[in-house]
Amino acid sequence: MNDDMVLVLNSGSSSIKYQLLDPESGVVAASGMVDRIGEEHAGIEHQVDGRIFEHRGPIADHAAGLRLVFQMFAESGHDLAAAGVRAVGHRVVHGGEVFYQPTLIDDAVVAAISELSSLAPLHNPANVAGIESARALLPGVPQVAVFDTAFFHGLPGAAKTYAIDAKLAAAHGIRKYGFHGTSHEYVSGRVAALLERDPAELNQIIFHLGNGASASAIRGGHPIDTTMGLTPLEGLVMGTRGGDLDPGIIAHLARSAQLSIDQIDEMLNRNAGLKGLSGVNDFRELQRLIDAGDAAARLAYDVYIHRMRRYLGAYLIELGGVDAITFTAGVGENSPQVRADALAGLSRFGIDVDPDRNVAEDRVARYISAPGAEIAVLVVPTNEELAIAQAAHRVVTAQGAG
Ligand code: ADP
């Protein structure tokens with residue numbers, strides 16, 4: 001193992017995803033996931049050189065999970081404590097107004113990320129747990145926080161402002177923050193490279209369609225709008241989140257169905273979207289149901305596409321014309337049907353998907369627009385881990401840390 005590797009950690013409420021990778025070549029030395037932390041049937045799947053190592057049994061908390069991961073690294077030939085990891089890069093979901101670039105972590109930064117938990121109660125506490133565990137296990141290694149909101153920090157006032165009582169909004173940090181920023185930034189850079197154009201000259205729309213989903217409108221390398229908002233609930237239809245809805249629904253449910261705010265929050269996060277409409281949140285399962293003639297699954301799919309097209313239209317106008325439309329993440333990279341349906345019938349706007357290119361199963365960044373089409377339509381695999389590793393590496397190199 002060379003001594004310029006970065007360990008990337010993505011700590012969720014009951015999971016830790018990780019990769020050890022070379023930020024220059026992108027080569028992944030090892031990767032894995034701790035799952036169901038705090039539950040009886042927890043486990044770790046650790047992959048190195050095509051081999052899979054497994055651990056089953058209860059894992060009390062993030063610290064215990066990460067300790068076991070370090071043991072598995074050692075047993076599989078990469079002793080992290082001994083081998084000199086250059087940096088640890090942490091995905092942190094919410095940076096609020098405080099953090100808008102990759103930040104070297106110290107006690108004050110940890111405290112500030114923790115304070116932002118009111119804006120992201122499901123995510124930031126887990127991120128802090130991951131950071132504290134990693135700091136304890138690798139005390140000499142610089143740790144860098146990379147924020148999911150950072151790319152959208154400079155959204156224009158008209159796009160980031162909710163039209164509610166301005167004083168109340170200011171007192172409670174209410175604005176559109178946007179999420180998936182690491183992915184939107186990475187993919188927009190790859191698009192410019194693929195088009196061999198200066199990012200400063202390009203207008204782009206990006207659809208990041210994974211379990212969570214968001215779209216962004218990017219002018220000259222800077223986002224001017226995005227679908228997610230104060231929280232990752234706004235915008236597109238997702239696996240378990242419904243995206244945009246009339247805020248009156250929340251008050252109506254509280255009164256009429258006697259649901260508490262926490263119950264409504266739970267429903268909106270975990271039991272809405274494709275799951276709420278069809279019973280399944282995974283897109284492949286949704287497709288199987290549709291193929292079997294399930295009407296609820298069909299409607300869920302139609303709502304999903306309808307929402308995408310609504311934002312496509314909005315962003316085309318906001319940008320005043322677009323050079324490239326790009327699909328990324330699990331659904332965006334793998335579902336030709338979604339790409340075709342989202343862009344169907346838009347030839348008069350210069351948008352033409354080539355059917356053969358669209359169904360090609362290449363795993364690389366590629367065009368799916370027809371040759372000579374006015375607007376480039378692309379599929380670009382996202383790689384948030386690589387982007388986080390590169391950001392962490394830049395920070396430690398610039399600051400002479402490590
Ligand atoms: P996350 O947001 O957790 O990173 P991903 O980007 O991995 O999620 O996307 C997960 C989604 O991608 C799931 O809904 C999954 O069904 C969908 N997906 C993965 N492969 C395919 C495929 N071949 N066809 C359609 N959907 C797919």
Side-chain angles (χ1 to χ4, degrees), residues 8-19 28 31-36 45 47 91-93 120 122-123 126-127 146 148 178-187 190 206-216 226-228 231-243 269-292 294 297-298 300-301 303-305 307-308 326-342 358-366 368 379-388:
V8 173
L9 296 182
N10 180 355
S11 308
S13 54
S14 64
S15 69
I16 306 172
K17 290 187 202 155
Y18 59 89
Q19 268 191 16
V28 176
S31 65
M33 178 163 176
V34 188
D35 210 2
R36 303 189 190 193
E45 199 173 283
Q47 284 198 41
R91 174 183 185 226
V92 178
V93 167
L122 297 176
H123 296 105
N127 300 153
V146 180
D148 226 30
F179 298 85
H180 291 149
T182 306
S183 177
H184 286 278
E185 183 173 18
Y186 172 82
V187 170
R190 297 278 295 119
I206 292 173
F207 285 102
H208 174 113
L209 310 174
N211 283 312
S214 61
S216 65
T226 190
T227 53
M228 284 178 166
T231 73
L233 281 177
E234 193 181 352
L236 301 178
V237 176
M238 316 180 207
T240 64
R241 290 169 254 162
N269 275 289
R270 298 195 198 284
N271 200 26
L274 300 176
K275 172 122 185 277
L277 288 171
S278 73
V280 300
N281 60 284
D282 188 282
F283 218 86
R284 282 164 293 193
E285 286 181 44
L286 186 81
Q287 280 170 334
R288 278 193 279 277
L289 287 178
I290 293 170
D291 293 343
D294 186 296
R298 180 78 233 174
Y301 180 85
V303 177
Y304 186 96
I305 297 292
R307 190 73 52 79
M308 283 180 70
T326 305
F327 295 89
T328 191
V331 177
E333 291 167 31
N334 294 300
S335 175
Q337 190 72 49
V338 165
R339 299 190 296 256
D341 290 341
N358 189 29
V359 296
E361 292 200 351
D362 295 351
R363 307 294 312 155
V364 294
R366 66 191 194 276
I368 58 166
V379 176
V380 174
T382 192
N383 193 340
E384 288 162 283
E385 290 79 11
L386 177 60
I388 291 171

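Counting starts at 1 for both ligands and their atoms, following the listed order. Throughout, residue positions are numbered sequentially from 1 according to the sequence presented.
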Contact (N/O only, under 3.5 Å) between R284 and ligand 1: yes
Sub-3.5 Å N/O-N/O distance, F283 and ligand 1: yes
Modelled atom types, side-chain donor and acceptor of H184 and S214, under 3.5 Å: yes
Under 3.5 Å side-chain donor-acceptor pair for N334 and R363: yes
Neighbour count above 12 (heavy atom, 6.0 Å) for R307 CZ: yes
Nearest-0.5 Å distance, CG of residue D291 to CZ of residue R298: 9.5 Å
Atom pair OG1/CD1 of T227 and I206 - distance to nearest 0.5 Å: 11.5 Å
Numbered atoms of ligand 1 (with element) below 4.0 Å of [X], judged on heavy atoms:
| X | answer |
| --- | --- |
| G330 | 5 (P), 6 (O), 9 (O), 12 (O), 17 (C), 18 (N), 19 (C), 27 (C) |
| A329 | 6 (O) |
| G212 | 2 (O) |

Please report which non-hydrogen protein atom sits nearest to [atom], along with the residue it belongs to and the distance in Å to one decimal place.
| atom | value |
| --- | --- |
| atom 4 (O) of ligand 1 | K17 NZ, 4.6 Å |
| atom 17 (C) of ligand 1 | V331 CG2, 3.7 Å |
| atom 16 (O) of ligand 1 | D282 OD1, 2.7 Å |
| atom 23 (N) of ligand 1 | N334 CB, 3.3 Å |
| atom 3 (O) of ligand 1 | N211 ND2, 2.8 Å |

Per-atom contact, atom 20 (N) of ligand 1, protein heavy atoms, under 4.0 angstrom: yes
Region of E285 that comes within reach of ligand 1 [heavy atoms, distance under 4.0 Å]: neither
Heavy-atom side-chain contact between E333 and T382 under 4.5 Å: yes
H123 and F179, any side-chain heavy atoms less than 4.5 Å apart: no
Contact with ligand 1 for G239, non-hydrogen, under 4.0 angstrom: no
Verdict with reasoning, S31 to E385, per side-chain contact (heavy atoms from CB on, under 4.5 Å): CA-CA 10 Å; S31 65; E385 290 79 11; over 6 Å; no
side-chain contact (heavy atoms from CB on, under 4.5 Å) assessment of I16 paired with L9: CA-CA 7 Å; I16 306 172; L9 296 182; 4.2 Å; yes
Heavy-atom proximity to atom 25 (C) of ligand 1, best of Q287, H180, H208: Q287
